[in-house]
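Reviewing the structure listed below.
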Protein chains: 2
Amino acid sequence: MPNQSDDVAKPAQKPTSDEAVADAISLAIHEHRLAPGTKLGEEELSDVFGVSRTVVRAALQSLAHLHLVDIHRNRGAFVAKPSLRMAREVFEARELLEPRTARAAAEKAKSADIDVLKRHISDEHAAVEVGDQGRAVRLSGQFHIEIARIADQLTVADFIEGLIARSSLIIALYWRRESALCESFAHHALVEAIAEGDGQKAEELMRSHLVDLHSALDLRDRTAAPMTLKDALIP
Amino acid sequence: MPNQSDDVAKPAQKPTSDEAVADAISLAIHEHRLAPGTKLGEEELSDVFGVSRTVVRAALQSLAHLHLVDIHRNRGAFVAKPSLRMAREVFEARELLEPRTARAAAEKAKSADIDVLKRHISDEHAAVEVGDQGRAVRLSGQFHIEIARIADQLTVADFIEGLIARSSLIIALYWRRESALCESFAHHALVEAIAEGDGQKAEELMRSHLVDLHSALDLRDRTAAPMTLKDALIP
DNA sequence: TTACACATGATTGTATACAATGCAAATCCA
DNA sequence: TGGATTTGCATTGTATACAATCATGTGTAA
């Protein structure tokens with residue numbers, strides 16, 4: 001099996017070295033092997049990847065544009081640590097953009113697209129079975145990206161891709177384990193609606209799916225109460 | 001008057017040199033001094049700005065992320081030339097995002113914000129009077145960015161900022177001179193609605209304003225007809 | 001004359017060296 | 001001992017040198 005799809009289909013085009021580095025770091029962030037706040041030293045990375053600091057810097061700047069890393073002038077790059085506010089905003093933006101995208105996808109999807117989506121779901125399910133949660137989160141995100149791609153609106157798809165990248169970080173920070181509802185079901189229903197070409201239904205399903213996701217995060221504001229050490233430490 | 005506003009208020013923070021270069025190029029693009037398709041040679045730019053190619057490259061990559069320049073591997077950077085399709089998509093995205101943003105702005109605006117908006121309008125009007133069309137277009141864009149800032153949703157505001165940057169390019173390419181309706185009026189009405197805190201009205205006004213803008217562009221598909229030189233040249 | 005191949009020049013991609021900045025530990029003074 | 005200051009080190013910011021790649025123009029052969 002020469003071209004089997006372990007991951008999503010490669011766009012066929014050898015990535016430049018800085019893109020390769022950026023992808024590797026991005027993947028590590030998505031799979032939660034790099035925790036938010038981790039320092040990303042240039043020298044260290046250039047040793048790891050066997051390239052010069054020049055290309056590492058390019059990769060880091062690229063990731064900074066996606067809000068996956070924060071670069072502080074003269075202090076270096078760190079894995080981004082989205083604030084509660086940012087977390088909320090990201091999901092609000094997704095709730096604004098993705099339902100309409102799902103509708104468009106339902107109206108434009110070809111049968112080949114449906115197949116791709118179904119394969120995503122089974123991959124996702126497999127990852128959950130194995131217990132590889134990082135991979136599951138990443139595949140779940142790529143499912144959403146795939147829908148945006150099917151909708152065939154590059155501009156909005158770009159936005160969504162960025163939002164999903166950040167969502168992965170947010171999930172790493174704010175996910176509450178109690179509500180471990182397997183979201184494969186929601187994805188499955190979505191694919192059904194898209195396969196039927198039912199735009200209305202796809203839009204609704206996507207909206208409720210995102211609301212579920214949003215509410216599965218612990219985005220309550222915890223910073224207000226403990227203003228002082230005394231308040232925080234003496235009950 | 002020490003702190004008079006020729007431009008928008010500076011965010012107070014010395015920009016790094018690559019940001020300075022990026023801003024200068026961006027400004028030139030926004031004011032249509034650099035036409036779409038123009039080659040941006042690294043050596044040439046490093047001479048112009050008196051910096052090394054290193055910082056020029058960083059600036060160009062930054063602009064590429066905003067879709068203001070296209071970078072072709074081993075061939076260099078060029079001022080982006082948005083396709084008809086991209087042009088349509090950008091305005092569709094704006095019509096999706098900005099009306100809701102205008103509503104949020106109306107609900108959150110403080111009196112200081114209103115003042116800023118009004119000053120934007122008068123600056124814009126002044127530029128039109130002088131006949132500095134490039135500056136007028138840029139200020140018009142910054143008016144929209146200011147509204148997004150007032151709405152206080154950084155994530156969406158970022159998207160809008162990028163969309164407006166591209167809009168300027170699109171206007172340079174596809175504006176049809178006949179429909180030179182001065183859009184200051186639309187902006188003025190918007191500020192009124194925002195000042196009154198009338199979110200509903202602001203949303204509607206923004207929507208119709210964007211539709212007007214969109215329809216003032218010549219986004220008809222002209223590529224279909226003249227497939228051959230003969231068809232194009234012999235009437 | 002046209003088409004193709006090759007050589008040459010110009011431009012970008014990458015690596016490395018040096019300068020500037022920030023952080024932290026050590027020092028000095030009260 | 002406490003605090004401010006200085007000094008040293010580690011890291012980032014910038015410049016430059018070299019390698020790789022692409023575009024252009026020339027020459028030769030069909």
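In what follows, every chain begins at residue 1, and chains take the letters A, B, ... in the order their sequences are listed. Because the structure is a prediction, the values reported are computed rather than measured. FYI, side chains are in, hydrogens and waters are out, and symmetry mates aren't considered; it's all heavy atoms of this structure.
For the residue pair B:His30 / B:Ser26, a side-chain donor-acceptor distance below 3.5 Å is found, with atom types taken as modelled. Judged by distance alone, the side chains of B:Arg94 and B:His214 never bring a donor and an acceptor atom under 3.5 Å apart.
Listed by residue number, the members of residues 61-72 of chain B with any heavy atom below 4.0 angstrom from DNA chain C form an empty set. Applying a 4.0 Å cut-off to non-hydrogen atoms, the residues of residues 39-49 of chain B that approach DNA chain C are B:Lys39, B:Gly41, B:Glu42, listed by residue number.
The shortest side-chain heavy-atom distance between B:Leu163 and A:Thr155 falls under the 4.5 Å cut-off. For the pair B:Leu117/B:Ile150, a side-chain contact is recorded, criterion being any heavy-atom separation below 4.5 Å from C-beta on. A 4.5 Å side-chain heavy-atom check between B:Val156 and B:Gln153 finds at least one atom pair inside the cut-off.
Between B:Glu43 and B:Arg53 no salt bridge is recorded (no basic side-chain N to carboxylate O distance below 4.0 Å). By the 4.0 Å N-to-carboxylate-O rule, A:Lys108 lies too far from A:Asp113 to be salt-bridged with it. Taking 4.0 Å as the cut-off between side-chain N and carboxylate O, B:Lys110 and B:Asp115 do not count as a salt-bridged pair. Under 4.0 Å is where a charged nitrogen must lie from a carboxylate oxygen, and between A:Arg88 and A:Glu92 no such pair does.
Take the nearest nucleotide of DNA chain C for A:Asn74 and for A:Val55: the residue whose nucleotide is more 5' is A:Val55.
From the 5' end on, the contacts that DNA chain C makes with chain A at under 4.0 Å to a non-hydrogen atom open and close at C:dT14 to C:dC23.
Here the two rings, on A:His187 and A:His120, have centers that are 6.0 Å apart or farther.
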